[in-house]
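Heads up: the structure comes next, in structure tokens.
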Amino acid sequence: MHFYAWISKGSKFLNPIICILNLKTNSLFSILIFNELINNKENNMKSYTIAVIGGTGKSGKYLVQNLLEKGYNIKLLLRTPENFKLDDPLIEIVKGDARNYDSINTLLNNCDVVISTLGQPVGEESIFSEATRNITRSMISHGIKRYIVIAGLNVDTPFDQKSIKVKQATDWMYQNYPKTTKDRQEEYEILTQTGLDWTLVRLPLIIQTSERFATEANLEDCKGEGISATDLAEFLISQIENASYTRQSPFLYNLP
């Protein structure tokens with residue numbers, strides 16, 4: 001015998017629970033077909049507007065594509081929008097530069113979450129601390145709390161237990177790219193002084209591929225050599241609602 005139970009909320013009927021009654025054993029098995037709470041949460045997430053900075057870079061383009069596939073609205077900051085060929089109704093383009101506060105302030109208007117995959121422009125002064133000051137200042141002005149950003153292995157935190165190999169990689173960055181490396185560290189220090197719900201994701205080599213692999217996040221050390229750009233995009237998007245790494249800096253890598 002099969003019957004349907006309906007859950008009501010005000011004047012609206014929610015999704016059905018199919019209940020199957022086994023008359024011989026008098027046991028009742030319930031199968032939840034559509035969980036209204038989960039559906040509402042997913043719909044609310046997809047109604048978010050995500051501000052994306054660095055969306056045309058080697059990891060940013062995978063992030064944008066994955067956000068679109070999941071149905072998110074995107075505001076995308078572009079220095080040269082004429083070179084951007086992706087046409088999608090979910091994308092709103094804002095022309096500007098992360099080093100310009102007015103550009104960031106325009107970008108963040110009516111957004112709910114900010115994700116940055118900003119890279120260092122070749123031949124230019126390091127941009128990370130300046131961009132971070134603009135982003136965090138504008139987020140506070142607009143009342144936006146959630147900020148997700150990527151960085152390299154060279155950023156140090158008080159909670160690290162880096163392996164010799166990762167320490168050597170950090171030292172190499174300081175020797176060969178001292179200004180950019182120091183500026184990345186300053187970016188982290190700026191974030192720790194804000195009251196924002198930030199997550200700074202530290203990465204090994206980003207591999208531009210649509211393939212997925214086993215992935216691990218670790219607050220103390222990086223135990224992998226690389227991270228798939230697709231796995232990275234999935235992780236960044238997962239952090240929109242996940243508070244596990246709020247105000248923390250996990251390493252993210254593919255397992256060997």
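Residue numbers start at 1 and run along the sequence shown.
- Exactly one of Ile104, Val114, Leu108 qualifies for a side-chain contact (heavy atoms from CB on, under 4.5 Å) with His142. That residue is Leu108.
- Other residues, nucleotides and ligands contribute over 12 non-hydrogen atoms within 6.0 Å of the CD atom of Gln248.
- Thr199 is not listed as a side-chain neighbour of Ser249, based on a closest heavy-atom distance of 4.5 Å or more.
- With hydrogens and angles ignored, the 3.5 Å screen pairs a side-chain donor or acceptor of Thr136 with a backbone N or O of Arg133.
- Between Tyr245 and Gln239 there is a side-chain heavy-atom pair separated by less than 4.5 Å.
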Test log, rule side chain to side chain contact (heavy atoms under 4.5 Å, CB included), inputs Asn66 and Glu69 | CA-CA 5 Å; Asn66 274 265; Glu69 290 172 0; 4.1 Å; yes
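- The side-chain heavy atoms of Leu200 and Leu191, taken from C-beta on, include a pair separated by under 4.5 Å.
- If you run side-chain contact (heavy atoms from CB on, under 4.5 Å) between Ile74 and each of Leu90, Asp88, Thr49, Val64, only Val64 comes through.
- Using modelled atom types, one finds a donor on one side chain and an acceptor on the other under 3.5 Å when comparing Asn254 with Thr215.
- Under the 3.5 Å distance criterion, with hydrogens and angles disregarded, a donor-acceptor pair is assigned to the side chains of Thr80 and Asn83.
- A salt bridge does not link Glu187 with Lys182: none of the charged nitrogens is closer than 4.0 Å to a carboxylate oxygen.
- Formation of a donor-acceptor pair under 3.5 Å by the Thr117 side chain with backbone atoms of Gly54 is found in this model.
- Within 6.0 Å of CD on Glu220 lie more than 12 heavy atoms contributed by other residues, nucleotides or ligands.
- A salt bridge links Lys162 with Asp156: at least one charged nitrogen is closer than 4.0 Å to a carboxylate oxygen.
- Counted by atom type alone, Asp183 and Ser129 present one or more donor-acceptor pairs between their side chains at under 3.5 Å.
- The side-chain heavy atoms of Val52 and Leu67, taken from C-beta on, include a pair separated by under 4.5 Å.
- Counting heavy atoms from C-beta outward, Gln120 and Ser126 have side chains that approach closer than 4.5 Å.
- The pair Arg99-Glu124 meets the salt-bridge criterion, with a side-chain N (NZ, NE, NH1 or NH2) lying under 4.0 Å from an Asp/Glu carboxylate O.
- Side chains of Thr157 and Asp160: a donor-acceptor N/O pair is present below 3.5 angstrom, by distance only.
- Counting heavy atoms of neighbouring residues, nucleotides and ligands inside a 6.0 Å radius, atom CD1 of Ile164 does not exceed 12 of them.
- Within a 6.0 Å radius of NZ in Lys95, other residues, nucleotides and ligands contribute 12 heavy atoms or fewer.
- Between Val201 and Phe235 there is a side-chain heavy-atom pair separated by less than 4.5 Å.
- Lys165 places a side-chain heavy atom less than 4.5 Å from the side chain of Glu225.
- When only modelled atom types and interatomic distance are considered, Glu241 and Tyr48 share a side-chain donor-acceptor pair under 3.5 Å.
- Between Ser244 and Asn242, the shortest heavy-atom contact is OG-OD1, 2.6 Å.
- For Arg146 and Asp112, the salt-bridge test fails: no basic side-chain N is under 4.0 Å from an acidic carboxylate O.
- Considering only heavy atoms from C-beta on, Ile91 comes within 4.5 Å of Phe84 through its side chain.
- The number of heavy atoms from other shown groups lying within 6.0 Å of CG (Asn218) is above 12.
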